Amino acid sequence: MIHLTLDRGTASDTRTAHLEQAADELGVQVIKVAPLALLESALTNLRRVRTLLAERQPTSLQMRLVRTSAKLSNIVGEILFNAGGFSQAREWYKTAEHAANDAGDRYLADIALGGLAYLPTYSDDPRGVIALLTPRLDSGPTATPAVSWLWGLRARAHAALDEATDFNRAIENARECLARSSQELIIPGIFSCVPQKLAFYEANGAVLLNEPQRALQAADRALAIYDMSETTEPALVQLDRASALVQSREASEACRLAVTAVTAPATYRSVSVRTRARRFNHLLGSISTPAADDWRDTYRRLFVEPKATKEENGK
């Protein structure tokens with residue numbers, strides 16, 4: 001509060017840079033630690049930005065603060081999405097998009113749009129994903145990691161609809177877009193897109209299209225370069241690889257890999273991990289092997305019994 005009082009009316013460049021740095025660091029940390037652990041820090045920094053924006057600032061600082069609020073709002077949206085709070089996440093993603101547009105920052109607006117696309121993706125609404133992303137992708141956007149990510153999200157939606165040709169076209173556009181992007185923008189965290197993410201999306205789409213060999217190859221490419229200390233995507237890739245193994249009639253190996261994915265110390269059992277684990281469990285069906293039994297015990301312990309306990313406590 002002392003900082004805010006001193007800054008009132010004219011936020012210093014140093015103070016603004018500090019808030020920008022905090023947002024950038026949170027954007028990386030949010031994929032490295034349990035997301036809810038960062039919620040208080042993200043909201044605290046948002047309050048600081050909001051207080052400064054409420055005062056009259058020089059135009060250059062005002063725009064930097066608005067962009068910072070877009071980043072922090074996107075981080076809160078990411079946290080709430082991972083926790084399963086879709087309606088709350090939507091409000092924060094929309095706030096991030098509004099702030100980015102207000103600052104004239106198309107890149108951050110695309111990042112917020114990608115966050116919004118997560119919600120129909122994990123609500124089994126692939127047509128909703130395509131409807132959301134198509135106007136932007138059809139507008140001829142400049143190649144950036146954010147636009148590459150949007151193409152990847154659209155590719156997965158086409159795969160979910162069993163539209164193989166459109167999936168292949170979209171995933172190729174995603175790769176080409178990332179290749180033409182400025183290398184300075186290809187960084188870890190939620191404010192960019194990296195090659196391993198596109199390989200992960202290809203693996204996921206190939207599983208949906210029942211192309212297990214392609215899925216295995218893409219998953220292996222992704223896992224070769226992922227930072228395995230990340231909380232979500234490495235587990236998702238492993239579950240996609242496990243699904244491809246089931247499709248290849250290698251159920252026991254698939255189940256061992258799936259158990260490894262969901263029990264790894266780094267794995268945060270976010271809504272996306274829970275969804276992918278449920279799909280893997282459904283794909284496994286009634287296959288009976290010791291490894292399959294171990295998977296079912298693990299799945300029940302981690303994903304079914306906690307929910308039952310919560311409902312019982314609610315009663």
Side-chain angles (χ1 to χ4, degrees), residues 1-83 85 88-119 136 141-142 144-150 181-194:
M1 292 306 298
I2 291 174
H3 273 299
L4 294 176
T5 300
L6 292 172
D7 289 338
R8 185 158 292 160
T10 173
S12 68
D13 181 79
T14 300
R15 184 72 174 138
T16 302
H18 173 77
L19 290 167
E20 290 171 325
Q21 181 181 0
D24 289 337
E25 290 176 354
L26 286 168
V28 175
Q29 291 172 2
V30 77
I31 64 172
K32 301 279 252 175
V33 302
L36 286 171
L38 301 178
L39 184 59
E40 182 178 356
S41 179
L43 290 173
T44 297
N45 281 290
L46 262 171
R47 292 188 193 101
R48 292 168 178 161
V49 171
R50 184 185 63 187
T51 299
L52 293 173
L53 286 172
E55 302 292 333
R56 188 175 184 83
Q57 306 294 346
T59 301
S60 61
L61 293 184
Q62 186 83 358
M63 288 300 97
R64 288 169 62 187
L65 289 167
V66 173
R67 283 195 294 271
T68 301
S69 74
K71 288 185 174 183
L72 291 167
S73 296
N74 202 83
I75 290 164
V76 176
E78 179 84 4
I79 291 169
L80 294 172
F81 159 71
N82 278 303
Q88 297 161 305
R90 180 178 289 103
E91 292 303 313
W92 283 101
Y93 284 135
K94 292 296 291 182
T95 298
E97 185 178 44
H98 178 82
N101 286 328
D102 192 48
D105 194 319
R106 185 63 254 186
Y107 186 92
L108 286 179
D110 286 338
I111 292 292
L113 181 61
L116 282 167
Y118 273 150
L119 306 178
R136 174 57 178 154
T142 301
T144 67
V147 172
S148 174
W149 180 36
L150 299 183
S181 297
S182 169
Q183 292 298 305
E184 295 178 355
L185 295 175
I186 304 175
I187 57 175
I190 66 169
F191 299 127
S192 187
C193 181
V194 289

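Owing to the predicted nature of the structure, the values given are computational and were not obtained by experimental measurement. Atom set for the values below is all heavy atoms of this structure, side chains included, hydrogens, waters and symmetry mates excluded.
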On a heavy-atom basis, which atom in [X] and which in [Y] lie closest, and how many Å separate them?
X: Leu72; Y: Ala42; value: CD2-O, 4.2 Å
X: Pro188; Y: Val28; value: O-CG2, 3.7 Å
X: Ser192; Y: Ile186; value: OG-CA, 3.4 Å
X: Ala70; Y: Ala100; value: CB-N, 3.8 Å
X: Val66; Y: Ser69; value: O-OG, 2.6 Å
X: Pro145; Y: Cys193; value: O-CB, 3.2 Å

task: Decide yes or no on side chain to side chain contact (heavy atoms under 4.5 Å, CB included) for Lys71 and Arg67, but give the supporting numbers first.
output: CA-CA 6 Å; Lys71 288 185 174 183; Arg67 283 195 294 271; 5.9 Å; no
With rounding to the nearest 0.5 angstrom, report the [atom1] to [atom2] distance, [X] to [Y].
X: Phe191; Y: Leu108; atom1: CZ; atom2: CG; value: 7.0 Å
X: Thr142; Y: Tyr107; atom1: OG1; atom2: OH; value: 12.5 Å
X: Leu185; Y: Gln183; atom1: CG; atom2: CD; value: 9.0 Å
X: Arg15; Y: Leu61; atom1: CZ; atom2: CG; value: 12.5 Å
X: Ser73; Y: Glu97; atom1: OG; atom2: CD; value: 11.5 Å
X: Leu80; Y: Leu39; atom1: CG; atom2: CG; value: 6.0 Å

task: Could you point out which residue of Leu43, Leu36, Thr44 forms a side-chain contact (heavy atoms from CB on, under 4.5 Å) with Glu40?
output: Thr44
Does a side-chain heavy-atom distance below 4.5 Å link [X] with [Y]?
X: Trp92; Y: Phe81; value: no
X: Thr16; Y: Asp13; value: no
X: Asn45; Y: Leu19; value: yes

Give every donor-acceptor pair under 3.5 Å between a side-chain atom in residues 110-118 and any protein atom, sequence neighbours left out.
{"residue": "Asp110", "atom": "OD1", "partner": "Arg106", "partner atom": "NE", "Å": "3.2"}
{"residue": "Asp110", "atom": "OD1", "partner": "Arg106", "partner atom": "NH2", "Å": "2.9"}
{"residue": "Asp110", "atom": "OD1", "partner": "Arg136", "partner atom": "NE", "Å": "2.9"}
{"residue": "Asp110", "atom": "OD2", "partner": "Arg136", "partner atom": "NE", "Å": "3.4"}
{"residue": "Asp110", "atom": "OD2", "partner": "Arg136", "partner atom": "NH2", "Å": "3.0"}

message: Applying side-chain hydrogen bond (donor to acceptor under 3.5 Å, both in side chains), can you list everything that pairs with Asp102, at least two apart in sequence or on another chain?
response: none
message: Donor-acceptor pair, distance only, cut-off 3.5 Å: does the side chain of Asn82 make one with the backbone of Glu78?
response: yes
Residues Lys94 and Glu91 bridged, charged N to O under 4.0 Å: no
- line: Sorted by chain and number, sequence neighbours left out, side chain to side chain contact (heavy atoms under 4.5 Å, CB included) with Leu38 holds for Leu26, Gln29, Val30, Val33, Ile79
